[in-house]
Amino acid sequence: MVELDTIFNSVKDRSLFKNKYVLQSNYYPEEILHRDNEVKHIASILAPSLLGQKTSNLFIYGKTGTGKTLSVQYVTNELTKRAKSSKILRIEYINCKLKKVADTEYRILAELIKKLGSEVPPTGLPTDQVYLKFIEILRNCEEKLLILILDEIDQAVKRISSDFLYNLTRLNSELDKIQIVIVGISNDLKFLDMIDQRVRSSLSEEELVFHPYNALQLQDILRKRSDIAFKSNCVSEGVIAKCAAFAAREHGDSRRALDLLRVAAEIAEREASTKIDMKHIDMANNKIERDKILDIVESGTKQFQLVLFSILDLSKSRPEEKIFTGNVYNYYENLAKRLNIDVLTQRRIGDLIAELDMLGLINAVVISKGRQGRTRQIKLAIPQKVSEKAREILVESLHL
DNA sequence: CGAGATTCATGTGAAGTATACCTTTAGGCTTAA
DNA sequence: AAGCCTAAAGGTATACTTCACATGAATCTCGTA
C-alpha cells in the first residue's frame, strides 16, 4: 500500500505552514531569546511585589521589535502565576495606542476601570469624576499592589499632556490600602526628554533600554519560530540568514524579520513551491516595501496626492531633467485648477515636498543655483514598478 | 582681476485662520419615589 | 429629587495661509594693478 501513500501525500495540502500563527505579531513564544538580562532585570525590580511591597516604577524604552512588550509580559505572567493564590498582586496591561480604546486620558481610565470589573459610561462624565471612581474602586480592592503596564505610552502622552502621568504617580499618596506601580513602555528614545521633570523623576525610578537585535540574534529567533511554523524541510539553506540580515539592516526589528519570513512563505506557497527560497525573501522584501509605499500614497490627503502625482508625472515625462520646487508647483497649480481643487500656496507645497522626502518617497536636496536662487532638487526614490502602481492609485482616487 | 555687494528663487520659522471633531457642562426633560 | 439626555459652549488637532526673514552661490560692480 505504499502506492496509496504517495498518492495521498501528493494530494495532501501543499501548505508550507504547520502553524502560521507563530509568525504573527501577537504570538507569545514560551521562551524569549537573547533577552535574558533584560528579563532578569525586570524580574528583580518587580520581585518585591510578590510580598505586596511597593516596588520602583519602571520605564522601558527601545525601538519597535526589540522585545519590550514580550519581556514585560513574560515577567508579569510569571508573577501572576506565583501570586495567584495570595491575593496580593494585580497586574493590568493597557496599550495606549489602540485608537478608540485607550488613546485619551478619559479612555485609558475607563478601560482600567472596566478591567477592574466596573463600568463607566463611554462619554459624558468629567474626567475628575472618573478619577474619583477609579480611586473608589481601588479602595475596595483586596489586593495590596497594582502593577500598571502602559504600553506605547509615548503615543498617549503626545495627545494628552504629561499631567496624566503625574496624576497617576501621585495617586499613591491618596491611597492607603493599595499601591500602584507603573511600568511604562515607549518606542521613542527621546520620550523622557519631552516630559515634565517632576513626572520624570517619579516615573522612571528605574530605567531599562532594549537595544536592537543583531543579525545573529535575529537568526536564532527566526530559526526557533520557523521550526514551529513550517513543516520540516521547507526552508532552504541561507534563507533565515538572509532574512535576519535584511531586518538587522533596518534597526534590528524582529517584527520586521518575522513579517519578512511569513510573507516570503506566502509567496512561495502561491507559487506552489515546496521550499522557501532566497528569491522569495527578495520578493517579500519588495512586497513589504511596496505595500508600505502604496499605503502612504493611498492614505494621503488630496493635496498630498496631487503633489506626489505632479512629481511622478514630471519625472516620467522628462526623466533626464532635474526637478525643482518651482516646476512641481507650476505643474501642481495647473493640475489643481483643472480638477477644480483649491490651489495651495507655494509655502505649503514646500512643506508637502519635505514630507514626501521624510517618508522616503522622494529624495529632495536643498541646493543653491547661484543667481537662479535656492531650491530643492527632487528625485523619485521608489522603484519604477511601484511608482506605476502608485500612479494608478492616484488616478483612481483623484478621478483623473 | 579679485573682493565684496547683489540677486534670485526658494527655504524656514512664527504666528494666525478655518474647519472638523471631541469633551464638557448646563439646562431641560423624564422618571421613580 | 435624581437621573438622563441633548445642545450649546469651549477645546484641540489638522491643514492651511500670511508675513518676515534667511540662504548661498552665480553674477555684477568697482577699485586696483
Side-chain angles (χ1 to χ4, degrees), chain A residues 96-114 118-134 136 152-168 188 191 194-196 295-311 314-315 318 321-337 339-359 361-379 381 394 397-398:
Chain A
C96 306
K97 203 171 123 193
L98 295 176
K99 286 245 156 81
K100 305 285 170 196
V101 178
D103 60 346
T104 68
E105 186 174 6
Y106 186 97
R107 287 207 265 253
I108 290 173
L109 279 171
E111 185 66 17
L112 261 174
I113 291 174
K114 209 165 102 195
S118 185
E119 274 298 329
V120 108
T123 174
L125 292 183
T127 311
D128 47 338
Q129 287 293 314
V130 187
Y131 267 109
L132 288 179
K133 173 126 190 176
F134 183 53
E136 179 69 30
E152 315 223 20
I153 197 172
D154 47 336
Q155 297 293 323
V157 173
K158 261 178 208 156
R159 21 181 101 237
I160 328 166
S161 67
S162 55
D163 287 354
F164 170 64
L165 293 174
Y166 182 61
N167 287 341
L168 274 183
D188 188 352
F191 173 65
M194 277 167 40
I195 59 180
D196 209 296
D295 201 50
I296 294 170
V297 172
E298 214 166 4
S299 62
T301 61
K302 269 226 153 53
Q303 301 287 1
F304 180 87
Q305 292 181 334
L306 214 49
V307 173
L308 179 59
F309 187 83
S310 304
I311 295 172
L314 279 172
S315 61
R318 33 195 174 134
E321 275 177 67
K322 299 190 166 157
I323 305 173
F324 303 112
T325 307
N327 308 139
V328 176
Y329 186 71
N330 291 336
Y331 197 95
Y332 156 85
E333 200 178 4
N334 283 329
L335 207 57
K337 271 183 192 153
L339 294 173
N340 234 353
I341 294 173
D342 292 346
V343 179
L344 303 184
T345 53
Q346 184 149 351
R347 176 73 186 80
R348 178 92 255 266
I349 300 304
D351 280 351
L352 287 177
I353 290 173
E355 217 172 294
L356 282 165
D357 184 35
M358 282 246 305
L359 291 168
L361 300 191
I362 61 174
N363 281 320
V365 196
V366 180
I367 54 157
S368 180
K369 294 191 294 170
R371 207 97 214 256
Q372 273 72 250
R374 256 155 76 83
T375 185
R376 281 196 179 89
Q377 203 176 82
I378 298 162
K379 215 172 66 193
L394 291 177
S397 106
L398 295 166

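Throughout, a chain's letter reflects where its sequence line sits, starting with A, and its residues are numbered from 1.
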Go through residues 299-306 of chain A and report each residue with a non-hydrogen atom lying under 4.0 Å from DNA chain C, sorted by number.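 A:T301, A:Q303 - these, ordered by number, are the residues of the stretch whose heavy atoms sit under 4.0 Å from the strand.
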Go through residues 345-352 of chain A and report each residue with a non-hydrogen atom lying under 4.0 Å from DNA chain C, sorted by number.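 Result for residues 345-352 of chain A: A:T345, A:R347, A:R348, sorted by number.
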Contact letters for nucleotides 21-28 of chain C, in which S counts primed atoms plus P, OP1 and OP2 and B counts the base, heavy atoms under 4.0 Å: --BBBBSS
Rounded to whole Å, how long is the line connecting atom [atom1] of [X] with atom [atom2] of [N]?
X	N	atom1	atom2	value
A:L344	C:dT18	CG	C1'	14 Å
A:R376	B:dC8	CZ	P	22 Å
A:I378	B:dG11	CD1	C1'	12 Å
A:Y332	C:dC16	OH	P	8 Å
A:I367	B:dC8	CD1	C1'	13 Å

Does A:N327 use its side chain to pair, donor to acceptor, with the backbone of A:F324 at less than 3.5 Å?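 Yes, the answer is positive, given that a donor and an acceptor are paired below the 3.5 Å cut-off.
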Strictly distance-based, threshold 3.5 Å: is any side-chain N or O of A:E321 a donor or acceptor partner for the main-chain N or O of A:L314? no
Can you list everything that forms a side chain to side chain donor-acceptor pair (under 3.5 Å) with [X]? Sequence neighbours excluded, please.
X	result
A:Y331	A:D313
A:E355	none
A:D351	A:R347
A:T345	none

Measure across [X] and [Y] and return the closest heavy-atom pair with its distance rounded to 0.1 Å.
X	Y	answer
A:Y329	A:L344	OH-O, 2.7 Å
A:D342	A:A336	O-CB, 4.4 Å
A:Q303	A:I341	NE2-CG2, 3.5 Å

Do any pairs count as a salt bridge (Lys or Arg N to Asp or Glu O under 4.0 Å) and have a residue in residues 299-311 of chain A, sequence neighbours left out, and if so which ones? none
Sugar-phosphate only, base, or nothing, as touched by A:V343 at under 4.0 Å among non-hydrogen atoms: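 Sugar-phosphate only.
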Show each protein N/O and nucleotides 17-19 of chain B N/O combination with a separation under 3.5 Å, one pair to a line.
none

Donor-acceptor contacts under 3.5 Å from residues 370-378 of chain A side chains, at least two apart:
from	atom 1	to	atom 2	distance (Å)
A:T375	OG1	A:T325	N	3.2
A:T375	OG1	A:T325	OG1	3.3
A:R376	NH1	A:G350	O	3.4

Test log, rule side chain to side chain contact (heavy atoms under 4.5 Å, CB included), inputs A:L306 and A:L339: CA-CA 10 Å; A:L306 214 49; A:L339 294 173; 3.8 Å; yes
With sequence neighbours excluded, residues passing salt bridge (Lys or Arg N to Asp or Glu O under 4.0 Å) with A:K337: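 A:K337 satisfies salt bridge (Lys or Arg N to Asp or Glu O under 4.0 Å) with A:E333 only.
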